[in-house]
Protein chains: 2
Amino acid sequence: MGAPSNNILWIIEDDEAFGNTLMLSLERKGFGVTLWPELPSDEQLSSISQPPDKVILDLKLGHTTSLDFIPRLKTAFPDCAIVVLTGYASINTAVQAVKAGAVNYLAKPASVSDILAAFDGQVSVEQPVEPLSVERLEWEHIQRVLEQSGGNVSEAARRLKMHRRTLQRKLAKRPKQS
Amino acid sequence: MGAPSNNILWIIEDDEAFGNTLMLSLERKGFGVTLWPELPSDEQLSSISQPPDKVILDLKLGHTTSLDFIPRLKTAFPDCAIVVLTGYASINTAVQAVKAGAVNYLAKPASVSDILAAFDGQVSVEQPVEPLSVERLEWEHIQRVLEQSGGNVSEAARRLKMHRRTLQRKLAKRPKQS
DNA sequence: ATAACAATGCGACAAATTGTCGCGCTTTTT
DNA sequence: AAAAAGCGCGACAATTTGTCGCATTGTTAT
């Protein structure tokens with residue numbers, strides 16, 4: 001098996017352990033991988049001689065969201081395919097990521113094959129047959145209201161009629177993927 | 001306040017009760033609403049004299065997925081904004097819906113203001129009235145799933161991934177009116 | 001620039017809710 | 001008829017939420 005045709009790949013991921021593991025796996029599959037532990041600046045983007053064909057973008061880098069970075073990436077590298085990856089997956093951020101230009105969106109944990117499949121635009125065609133769990137529905141609702149509150153946790157808590165402390169705790173937990 | 005500027009709205013929804021309720025609410029807000037209980041055929045689409053400005057599309061009509069309908073709708077009415085609504089939400093179908101051309105994707109239960117906000121997406125013109133509280137959202141979701149389970153509490157609890165005892169307790173309490 | 005106001009994150013402990021288990025009874029399915 | 005499933009609920013353990021307070025940071029108004 002030869003090198004993949006589109007093989008310049010970036011990982012933008014601040015979790016070093018995960019990023020390194022993923023990088024090694026992908027290099028073994030023949031990709032030329034660059035690991036960015038934080039979002040590249042515009043200066044860095046403009047001095048890139050070999051544009052990436054694919055970018056794996058972690059949604060949350062430190063306390064920053066990467067969503068606003070997607071349009072900048074698409075401007076700098078119009079043909080680059082972006083897959084967003086996150087441990088805090090929500091429908092609301094999935095919608096935003098795809099609207100911003102990502103080709104796909106995955107919840108961690110995601111295997112290398114899941115990620116590569118996501119670049120190919122392969123998503124499970126299966127329709128869910130069960131309704132969301134109460135827990136999951138709550139998470140999705142919280143995420144949506146939080147976004148509408150401009151990321152302001154106190155305001156979201158007021159709108160949700162939930163105690164701020166409780167909301168903080170819920171936001172700190174990763175939701176079960178269903 | 002006059003009629004909304006983009007006010008031809010379609011609801012494509014096979015749940016009659018929900019569809020009618022939604023239609024009445026939206027008509028009261030000044031929209032010209034057409035309720036389709038099933039997907040319009042291509043013949044029907046091509047004989048429409050007034051294109052819809054907005055379409056609320058239920059993801060699941062009977063046993064059919066509406067995802068494939070989105071491109072046909074966008075072809076027939078390129079400027080029409082589509083919001084997908086579903087009682088069986090998932091990230092995968094959200095990604096697919098947005099890639100297919102929907103402007104947003106919502107999990108039921110969703111209030112009218114939630115739905116209208118979903119159309120407004122990028123342009124946050126009018127701040128919606130207060131979102132549903134988490135408590136209220138939960139209650140409405142439980143009621144929906146309980147009804148779908150034929151009133152069977154044990155089955156509803158299984159679908160909701162909630163303990164039966166807990167569900168019993170919740171059903172024994174009436175939610176606070178918000 | 002400064003003051004006022006709002007948001008933030010989080011520990012400690014009380015209060016409330018959920019989870020587990022078991023029971024006897026009723027209803028539904030085989 | 002028998003088996004399986006559903007029902008309601010008490011008791012107690014486990015977990016989550018609510019309350020409070022604190023120090024710090026960020027935002028808005030003067």
Side-chain angles (χ1 to χ4, degrees), chain A residues 14-16 37-39 41 58-69 86-93 96 107-108 129-178, chain B residues 87 89 107 109 117 124-178:
Chain A
D14 62 349
D15 178 339
E16 261 194 63
E38 57 196 18
L39 295 175
S41 65
D58 189 47
L59 184 64
K60 247 168 98 171
L61 295 168
H63 298 287
T64 310
T65 178
S66 313
L67 280 178
D68 297 334
F69 183 67
T86 178
Y88 297 88
S90 75
I91 283 167
N92 186 55
T93 50
Q96 286 181 72
K108 290 177 179 174
V129 292
E130 295 231 310
L132 289 176
S133 68
V134 163
E135 182 184 37
R136 183 81 219 182
L137 182 69
E138 182 185 79
W139 173 261
E140 296 295 343
H141 188 59
I142 284 169
Q143 295 299 323
R144 208 162 75 244
V145 173
L146 185 61
E147 193 233 331
Q148 288 169 0
S149 308
N152 183 324
V153 172
S154 301
E155 179 60 29
R158 277 191 291 274
R159 292 183 179 182
L160 292 161
K161 296 185 170 60
M162 180 186 285
H163 289 267
R164 182 175 64 93
R165 189 73 186 90
T166 301
L167 182 53
Q168 285 171 338
R169 289 193 187 107
K170 285 178 189 287
L171 292 173
K173 285 165 63 177
R174 290 164 174 255
K176 290 201 195 84
Q177 303 300 317
S178 53
Chain B
S124 185
V125 198
E126 174 187 329
Q127 202 62 353
V129 300
E130 291 236 314
L132 291 174
S133 67
V134 162
E135 182 184 38
R136 182 85 223 180
L137 181 74
E138 182 185 79
W139 174 262
E140 296 199 356
H141 187 55
I142 285 169
Q143 296 300 324
R144 274 189 85 250
V145 174
L146 184 60
E147 196 196 333
Q148 286 168 9
S149 307
N152 184 328
V153 174
S154 302
E155 179 59 29
R158 275 191 295 271
R159 290 182 184 183
L160 293 162
K161 294 186 170 63
M162 181 188 284
H163 288 268
R164 182 174 63 94
R165 188 71 187 91
T166 301
L167 182 54
Q168 285 171 339
R169 288 192 186 109
K170 286 179 188 289
L171 291 173
K173 287 165 60 176
R174 287 182 162 265
K176 291 197 194 85
Q177 302 304 316
S178 53

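Naming: A, B, ... by sequence-line order, numbering from 1 per chain.
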Undergrad: How long is the line joining CG of B:L171 and P of D:dG8, in whole Å?
TA: 9 Å

Undergrad: Round to the nearest Å and state the distance from B:Q168 atom CD to C:dT18 atom P.
TA: 13 Å

Undergrad: Let's see if you can work this out: which of C:dG19, C:dG22, D:dG6 has an atom nearest to the side-chain heavy atoms of B:H163?
TA: C:dG19

Undergrad: So if I apply the side-chain hydrogen bond (donor to acceptor under 3.5 Å, both in side chains) rule between B:E140 and each of B:Q143, B:R144, B:R136, which one comes out positive?
TA: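 By the side-chain hydrogen bond (donor to acceptor under 3.5 Å, both in side chains) criterion, B:E140 pairs with just one of B:Q143, B:R144, B:R136: B:R136.
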
Undergrad: I want to check something: taking the side chain as every heavy atom from C-beta on, are B:L146 and B:L171 in contact at a cut-off of under 4.5 Å?
TA: yes

Undergrad: Return the value, rounded to whole Å, for the distance between atom CD of A:E155 and atom C1' of D:dT28.
TA: 15 Å

Undergrad: Quick check for you: among C:dA12, C:dT18, C:dT20, whose closest atom lies nearest to any side-chain atom of A:R169?
TA: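 Selected nucleotide (nearest to the side chain): C:dA12.
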
Undergrad: Give the nucleotide from the list D:dG8, C:dG9, D:dT16 with an atom nearest to the side chain of A:V153.
TA: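 Side chain of A:V153 sits closest to C:dG9.
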
Undergrad: Could you check which of D:dT17, C:dT20, D:dT19 has an atom nearest any side-chain atom of A:K170?
TA: D:dT17

Undergrad: For A:L167 and D:dT19, what is the distance between atoms CG and P respectively, to the nearest whole Å?
TA: 15 Å

Undergrad: Are A:T166 and D:dT16 close enough that a side-chain N or O sits under 4.0 Å from OP1 or OP2?
TA: no

Undergrad: Please check the phosphate of C:dT17 (OP1 and OP2 only) for any side-chain N or O of B:R165 closer than 4.0 Å.
TA: no

Undergrad: I'd like to check A:L137 versus B:P109 (side-chain heavy atoms, cut-off strictly below 4.5 Å). Are they in contact?
TA: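 The answer is yes, as the side chains (C-beta and beyond) meet within the 4.5 Å cut-off.
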
Undergrad: Could you check how far CZ of A:R164 sits from P of D:dG21, rounded to whole Å?
TA: 13 Å

Undergrad: Measure the distance from CG on A:L160 to P on D:dT17 and round it to the nearest whole Å.
TA: 13 Å

Undergrad: Output yes when at least one side-chain N/O atom of B:N152 is less than 4.0 Å from OP1 or OP2 of D:dC7, else no.
TA: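 B:N152 to D:dC7 OP1/OP2: side-chain N or O found under 4.0 Å.
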
Undergrad: Taking NZ, NE, NH1 and NH2 as the nitrogens, is one of them in B:R158 or B:E155 under 4.0 Å from a carboxylate oxygen of the other?
TA: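 A salt bridge links B:R158 with B:E155.
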
Undergrad: Pick base, sugar-phosphate or nothing for A:G150, based on heavy-atom distances below 4.0 Å to the nucleic acid.
TA: nothing

Undergrad: Specify the separation, in whole Å, of atom CE of B:M162 and atom P of D:dT16.
TA: 14 Å

Undergrad: Got a donor-acceptor contact below 3.5 angstrom from the A:H141 side chain to the B:E138 backbone?
TA: no

Undergrad: Of the candidate nucleotides D:dT16, D:dC9, C:dT17, which contains the atom at the shortest distance from the side chain of B:K173?
TA: C:dT17

